[in-house]
Amino acid sequence: METEYYRIYKTVFYRRIFFISVFAVVCFVLAVVDLMVGPISAGFCSVLINLIYPQNETLHVVIWDYRLPWTLMALLVGGALGLAGLEMQTILNNPLASPYTLGISAGAGFGAAVAYVFGLNVLPVPLEFTVPVNAFFFAFLTCMLIMFIGKIRGFTSETLVLGGIAIAFLFHSMLALLEYFASEETLQAIVFWMFGSLTKSTLPKAQIVFAVLAFTSAALMSRSWKITALRLGDEKAKSLGINVERMRIEVLIYISLLTSVAVCFVGIIAFIGLVAPHMARILLGEDQRFLIPGSILCGAIVLSAGAIASKVIVPGAIFPVGIITSMIGVPFFLLLVVRGRKHIW
Amino acid sequence: MRKSLLFFCLIALLLCGCAQVKNVAEKRTKTITVTDILGRTVTIKTPVRRVVLLYGLEDYAAVGGRGSLSKLVGINAWRYKMYRPDWWQAWIEYYPEIKKLPDVGQPGKTFQVEEVIKLKPDVVIADRSMYKYMTEDVKRLEKAGIPVVFTDYFPHTNNVTELFNEVNRSAMILGKILNREERAKEVVKFFEDHVMEIVNKTKGIRSKPKVIVFATWSKWDAYGKKSMYNFWIDLAGGDNVAAKVIPGFSGDINPEFVLKANPDVLVFTCNNNFPSGQRVVIGYTVNNSSSAKEALKELINRPGWNKLNAVKDRRVYIIHHGLSHGHLFEFVCLEYMAKWLHPTLFRNLEPKKDLQTFYSKFMPMPLHGVWAVRLGGS
């Protein structure tokens with residue numbers, strides 16, 4: 001029997017499906033444009049042909065070794081940061097939270113700096129992966145420190161936020177200390193790393209990010225109802241039979257994985273993790289079943305757009321993508337804040 | 001009441017301290033006046049006996065000679081240790097006393113103005129680029145009766161007249177301070193002659209080989225329009241293709257653009273260490289070129305690069321970053337660029353030998369080490 005409520009649910013449901021489809025289409029279009037744009041001009045068809053088999057050797061190399069890793073990395077890292085931001089905002093119950101709130105970026109930066117300054121790496125890996133492995137290790141270590149604080153004091157959002165801020169400051173000052181003692185070249189290397197850039201993209205790196213994103217989004221999707229319930233507040237969630245603290249720990253582990261793996265390959269790209277979840281939330285509401293894919297797609301959209309712009313602004317050069325994502329993201333974000341639904345949070 | 005008394009005492013104590021500093025300063029009647037590179041007019045008591053040097057020990061020694069080293073009472077050792085560790089090693093080997101000099105630090109980083117005041121130098125010599133980090137400290141030093149002089153050898157332009165003018169003024173400031181004006185003229189002449197030798201030959205050149213200069217600390221960081229490498233390449237009759245897309249000093253270049261531009265020559269620039277791993281491949285402390293060649297092989301191992309003209313012809317080089325700017329022997333960088341861009345035109349040019357000559361003529365120590373290496377050949 002079709003009740004009034006069922007009809008409303010159905011409209012809302014289909015509207016959300018519609019928005020997600022729009023996101024997906026925009027994402028796809030941006031990815032194709034990203035693949036087309038570059039100093040070596042090539043038509044749509046020749047790009048497509050060379051994607052499949054090497055008709056023109058230079059173009060084949062350009063597409064497979066430079067453009068494709070770049071495009072995939074933009075989509076995947078954007079998606080990972082969007083998802084990590086969404087879940088961070090959810091478990092901390094704070095609209096200002098982002099993947100970097102708990103000091104992960106500072107930890108990753110410190111790890112990269114350790115690799116540059118001392119040439120140390122925590123695992124025996126090829127040189128190309130020295131810096132990412134160190135960045136990942138320290139980013140993850142940051143999260144574990146916060147876990148430790150949570151373990152002692154209880155996993156409330158206040159504890160996590162305050163602990164995170166303290167740890168972020170700790171790593172920031174240690175990073176500054178390393179920079180202070182670094183040689184000219186090492187300092188430059190650290191500064192460039194911190195900027196955030198997609199030029200370090202390779203296909204194996206994209207595969208790693210893909211694997212992590214696929215795994216964590218599947219895991220989070222399977223818990224989407226429980227995570228949605230967290231937004232009702234701790235008391236209500238508990239009364240629904242959810243072990244709130246356990247849920248927070250689980251989600252925090254997924255966030256740590258996502259952010260660490262995204263940050264370690266491309267450096268620190270701010271803003272996406274903060275804004276992509278809000279863009280998705282304004283259009284999709286609080287239901288995690290839609291918000292999870294929505295945030296991933298919004299993150300991918302913002303970073304892909306930034307990636308295109310970073311190639312186009314000065315053709316032939318690469319403009320730092322972190323600067324651009326904020327510049328194009330902010331006006332769009334403000335538009336949504338001003339004209340979007342009544343309750344943003 | 002008691003508080004204000006205490007306050008008064010403190011002030012009095014402070015004033016005493018100030019007065020003491022002034023009283024200790026030696027009374028010398030003779031003075032010289034120099035106009036430094038910033039156009040500041042500075043009066044210095046002569047003869048100069050105590051110098052604090054914040055930049056350019058090489059240039060100081062080249063103009064001042066061996067005897068001038070004993071006048072140093074403080075030095076910016078921090079910069080040497082961090083930025084030019086191999087040169088620091090060279091100084092320690094030749095002049096071990098330098099290790100005992102107080103390190104007054106780098107302006108903007110570790111500079112200790114009190115330490116400088118304590119050392120009571122007759123003059124402080126610094127580089128133009130340091131001024132913006134020490135404007136307040138300069139005022140403090142002047143109040144304490146310590147004049148600060150700024151010099152600059154950095155090539156800010158491809159206009160040879162302007163470059164000569166700045167280098168000449170800077171060297172003559174040193175010459176005046178150290179009372180070695182004849183020697184300063186000699187060094188400047190050596191510099192100008194070597195630059196002109198290149199510029200005269202490259203003036204009419206029409207076909208300019210394409211070149212890109214990469215930094216070694218970030219994979220796609222190339223030197224743009226406002227960098228000294230661009231000016232040297234310009235003077236050497238080359239075409240820095242990166243300057244077309246990088247309007248500033250340096251920045252990330254699109255990897256595709258490198259393939260599209262297909263440079264004839266590739267240059268990597270490096271201090272004596274590499275980030276991550278800290279391999280020393282070039283500089284004063286290096287004895288052979290094999291490690292630099294290994295580094296070059298790794299540096300050119302990028303997708304599509306085997307098709308580049310520069311790589312096919314093995315015209316890939318690495319150069320010590322310190323040769324390129326900021327010192328009276330920076331003409332050597334121009335010479336290397338000229339030789340690499342026009343090997344037949346400059347087949348008799350030997351940049352290493354010219355650097356050697358500069359050292360034997362003007363420097364108090366011999367020249368060691370590896371300063372520039374080619375991937376293939378010698």
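Only heavy atoms go into these numbers, but all of them, side chains included; no hydrogens, no water, no symmetry mates. In what follows, chains are A, B, ... by sequence order, proteins preceding strands, each numbered from 1.
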- Most heavy-atom pairs under 4.5 angstrom with chain B, which of A:Leu187, A:Thr199, A:Thr58? A:Thr199
- Heavy-atom pair with the smallest gap, counting every atom of A:Gly316 and B:Val245: CA-CG1, 3.6 Å
- Message: Using a 6.0 Å cut-off, check whether atom NZ of B:Lys244 has over 12 heavy atoms from anything other than its own residue.
- Response: yes
- Task: Flag the pair B:Glu256 and A:Lys311 as a salt bridge only when some basic side-chain nitrogen lies within less than 4.0 angstrom of an acidic carboxylate oxygen.
- Result: no
- Message: With a 4.5 Å cut-off on side-chain heavy atoms, are B:Leu259 and A:Tyr66 touching?
- Response: yes
- Is any side-chain heavy atom of B:Asp221 closer than 4.5 Å to a side-chain heavy atom of A:Phe192? yes
- Check whether A:Tyr180 gets within reach of chain B through its side chain, its backbone, both or neither, counting any heavy atom under 4.5 Å. both
- Step through the shown structure and confirm whether more than 12 heavy atoms of other residues, nucleotides or ligands are within 6.0 Å of CH2 on A:Trp64. no
- Are any side-chain N or O atoms of A:Gln188 and backbone N or O atoms of B:Trp217, one a donor and one an acceptor, separated by less than 3.5 Å? no
- Under 4.5 Å from a heavy atom of chain A, the part of B:Arg79 involved: neither
- The interface call for A:Pro320 against chain B, heavy-atom contacts under 4.5 Å, is neither
- Message: Within a 6.0 Å radius of atom CD on B:Glu115, are there more than 12 heavy atoms belonging to other residues, nucleotides or ligands?
- Response: yes
- Taking the side chain from B:Lys260 and the backbone from A:Ile40, do they hold a donor-acceptor pair closer than 3.5 Å? no
- A:Phe195 atom CZ: more than 12 heavy-atom contacts under 6.0 Å: no
- Below 4.5 Å from any heavy atom of chain B, which atoms of A:Ile190 appear? Answer side chain, backbone, both or neither. neither
- Item | A:Glu179 to B:Lys109 - nearest heavy-atom pair and separation | O-NZ, 4.4 Å
- Task: Heavy atoms only, distances under 4.5 angstrom: which of B:Ile246, B:Val241, B:Ile253 has the most pairs with chain A? Name it, please.
- Result: B:Ile253
- Task: Could you grab the distance from atom CG of B:Asn254 to atom CZ of A:Phe319, nearest 0.5 Å is fine?
- Result: 14.0 Å
- Item | Region of A:Ser197 that comes under 4.5 Å of a non-hydrogen atom in chain B | side chain
- Query: When you look at CE of A:Met327, are more than 12 heavy atoms from neighbouring residues, nucleotides or ligands closer to it than 6.0 Å?
  - Reply: no
- Message: Check this for me: B:Glu93, atom CD, are more than 12 non-hydrogen atoms of other residues, nucleotides or ligands nearer than 6.0 Å?
- Response: yes
- Task: Would you indicate whether A:Phe28, at its atom CZ, is surrounded by more than 12 heavy atoms from other residues, nucleotides or ligands within a distance under 6.0 Å?
- Result: no
